[in-house]
Amino acid sequence: MAFDFATPIERRHPEGGFSSQKWHRYPGEVLPLWVADMDFCSPPAVIKALEERVAHGVYGYGEVPATLTQTLCEWSAAHYDWAIDPDWQHWLPGVVPALHFATLALTKPGDGVLTVAPIYPPFLAVAKRTGRLAQQAMLADPQMPGEPWQLDIEAIKAAITPQTRLLLWCHPHNPTGRVWRHEELAPLAELIEEHDLWVVSDELHCDLLLDENARHQPLAAMFPQLAKRTITLWAPSKTFNLAGLSSACAVIPDLKVRQRFADACKGLLPDVNVLGLVAAEAAYRDGEPWRQALLEVLRQHRATLEAHVANWPGVHLAAPEATYLAWLDMREAGLGDTPYQTLKEQAGVALSDGAAFGCPGFLRLNFGTTASQLENALARMDKLLKKDA
């Protein structure tokens, strides 16, 4: 089956229900490659399911259908070789709220919440927003340009104190695109047990592994001894471009932890909207052919980006193993202290500023767009960065 990932879709409609954070933040002459939001239509199966639900005409309070929880169980078994139970699932409107509610459920004011930067910016705000102690370690910079980012177990160990109670983890990693291997995570698993930590594992990009035949293994499945202390967060939002429909799932094997999480959400969080539930079920049930086609497009776009970066002196990229996000080291690019601002003003391309991820001098680029829009943006960047420009 053929899917159209090539035709640009107008997303700067001036009014109506077509507003877009990605495309409305900047003036019309600026190309946005920042927020993790693809410029592709969602799978036809999802659109069809939504059309049928909208045609029903009644949009009252819904509930999580058994067909959805069973579909996610089947997806987990088929794609991750992890047998989960429908009762383990707590559906809610978003992974970012889940980070906060998990922190409220598992820690008390003053407890330490550990993050490992660079990291998706909401991670860095959780402790302050919940009245906890923010603690941070850093990944190890690639030893050579182009090599993958690495865990720095000694840095993580040094960041853990008697106050540390919770690790907010990201697997695969946003923004570096790393897919963590068992041998890398084994020392981390030992630290988690040794210090009796809770873990929230954000696995939002787990269905976007770019290497051929790669398979995701959830942290709680990779290390079964951690399952009783782990909340795993999944969503169809990034994989199937459904972020605006606000549906996510916290997978919590332990009954007591599941109850604590549910109690923390009560009265503070609405239920998932009915269209989000419909879209999630259709995506996990019927979206696999579309996902496979998407992965091939993203592999091509990654190669396109790598070819351009190779001609940008002082710019370094460790090719992402997952996601449609690339983490660019701009510290030696000659764009000054604010490369984000320089690119936006001089090239008309808006990327995500690495300072928000805990790493000034870096930029995150979203290549989940059409080939023509990507090439246009990269051509603009060439004018500033290319060797012979």
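All residue numbers refer to positions in the sequence shown, counting from 1. Quick note: numbers below take in every heavy atom, side chains included, and nothing from hydrogens, waters or symmetry partners. It should be emphasised that the depicted structure is a prediction, and the values quoted were computed from it without experimental measurement.
Closest heavy-atom contact between Leu92 and His90: CD2-O, 3.4 Å. Minimum interatomic distance between Leu295 and Asp207 (heavy atoms only, all atoms of both residues): CD2-O, 4.2 Å. Residues Ala264 and Leu104 share a closest heavy-atom pair of CB-CB, 4.4 Å. Scanning all heavy atoms of the two residues, the minimum distance from Ala127 to Val113 falls at CB-CB, 4.1 Å. Closest approach of Gly177 and Thr323 over heavy atoms only: CA-OG1, 4.5 Å. Here the closest non-hydrogen pair linking Val315 and Ala333 is CG2-CB, 3.7 Å.
Proximity of Asn174 to Trp327: side-chain heavy atoms (C-beta onward) are nowhere separated by under 4.5 Å. Under the 4.5 Å side-chain criterion, counting only non-hydrogen atoms from C-beta, Pro320 is not in contact with Leu325. Using a 4.5 Å heavy-atom threshold, the side chains of Thr232 and Trp82 count as touching. Between Leu139 and Leu151 there is a side-chain heavy-atom pair separated by less than 4.5 Å. Side-chain contact check for Glu74 versus Tyr284: every heavy-atom pair is 4.5 Å or farther apart. Looking at heavy atoms from C-beta onward, Leu204 lies out of side-chain contact with Leu233 at the 4.5 angstrom threshold. Taking the side chain as every heavy atom from C-beta outward, Trp180 and Trp169 approach each other to under 4.5 Å. Two residues are said to be in side-chain contact when any heavy atoms from C-beta on lie closer than 4.5 Å; Leu385 and Leu335 meet this criterion.
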Can you list the steps and then say if Glu203 with Val251 is a side-chain contact (heavy atoms from CB on, under 4.5 Å)? CA-CA 11 Å; Glu203 304 187 4; Val251 180; over 6 Å; no

Run Asp263 and Arg260 through salt bridge (charged side-chain N to carboxylate O under 4.0 Å, His left out) and show every step you take. CA-CA 5 Å; Asp263 288 345; Arg260 289 170 68 170; over 6 Å; no

Check the pair Phe261, Trp198 against ring pair (Phe, Tyr, Trp, His ring centres under 6.0 Å), reporting the backbone distance first and the verdict last. CA-CA 12 Å; Phe261 183 84; Trp198 300 107; over 10 Å; no

Carefully, step by step, assess Phe40 and Trp290 under the rule ring pair (Phe, Tyr, Trp, His ring centres under 6.0 Å). CA-CA 11 Å; Phe40 307 130; Trp290 184 92; 7.4 Å; no

side-chain contact (heavy atoms from CB on, under 4.5 Å) assessment of Val200 paired with Thr103: CA-CA 9 Å; Val200 177; Thr103 302; 5.8 Å; no

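Between the side chain of Trp34 and the backbone N or O of Asn366 there is no donor-acceptor pair closer than 3.5 Å. Within the 3.5 Å criterion, the main-chain N or O of Cys73 finds no donor-acceptor partner in the side chain of Ser76. Checking side-chain atoms of Arg12 against main-chain N and O of Pro27 turns up a donor-acceptor pair under 3.5 Å. Between the Arg132 side chain and the Thr107 main chain, a donor and an acceptor come within less than 3.5 Å of each other. Although no hydrogens or angles enter the test, the distance criterion places a donor-acceptor pair under 3.5 Å between the side chain of His171 and the main chain of Gln217. No side-chain donor-acceptor contact under 3.5 Å links His56 to the backbone of Glu52. Looking only at distances, a side-chain donor or acceptor of Asn273 sits under 3.5 Å from a matching main-chain atom of Gly276. In this structure, the side chain of Asp211 does not engage the main chain of Ala214 through any donor-acceptor pair within 3.5 Å. At distances below 3.5 Å, not a single donor-acceptor pair connects side-chain atoms of Lys128 with backbone N or O atoms of Ala134. Ser42 contributes a side-chain N or O that, together with a main-chain N or O of Phe240, makes up a donor-acceptor pair within less than 3.5 Å.
Rounded to the nearest 0.5 Å, atoms CG (Leu219) and CG (Asp202) are 12.0 Å apart. Here CZ of Phe123 is found 11.5 Å from CZ of Phe357. Values are rounded to the nearest 0.5 Å. Going from atom CZ of Arg285 over to atom CG of Leu72 covers 13.0 Å, rounded to the nearest 0.5 Å. To the nearest 0.5 Å, atom CZ of residue Phe18 and atom NE2 of residue His24 are 11.0 Å apart. Put simply, NE2 on His316 and CE on Met144 are 9.5 Å apart, with the number rounded to the nearest 0.5 Å. A distance of 7.5 Å separates CG in Leu167 from CD1 in Ile160, rounded to the nearest 0.5 Å.
For the pair Arg53 and Glu281, the salt-bridge criterion is not met [side-chain N within less than 4.0 Å of a carboxylate O]. A salt bridge links Arg299 with Glu212: the closest approach of a Lys/Arg side-chain nitrogen to an acidic carboxylate oxygen falls below 4.0 angstrom. Looking at Lys157 and Glu154, a side-chain N of the basic residue comes within less than 4.0 Å of a carboxylate O on the acidic one, giving a salt bridge. Look at Arg229 and Asp196 and you find a salt bridge, because one of the NZ, NE, NH1 or NH2 atoms lies within 4.0 Å of a carboxylate O, short of that distance. Between Asp329 and Arg331 a salt bridge is recorded (basic side-chain N to carboxylate O distance below 4.0 Å).
Counting only N and O atoms by type, the side chains of Trp312 and Asp382 include a donor and acceptor under 3.5 Å apart. Checked by atom type, the side-chain pair Trp23/Asp39 shows a donor-acceptor distance below 3.5 Å. At a cut-off of 3.5 Å, with distance as the only test, no side-chain donor of His173 or Glu321 sits close to an acceptor on the other residue. Of the N and O atoms on the side chains of Gln292 and Glu296, not one donor lies less than 3.5 Å from an acceptor on the other residue.
Within 6.0 Å of CD on Glu183 lie more than 12 heavy atoms contributed by other residues, nucleotides or ligands. The local environment of CD in Glu147 is crowded, with over 12 non-hydrogen atoms from other residues, nucleotides or ligands closer than 6.0 Å. More than 12 heavy-atom neighbours from other residues, nucleotides or ligands sit within 6.0 angstrom of CD on Glu306.
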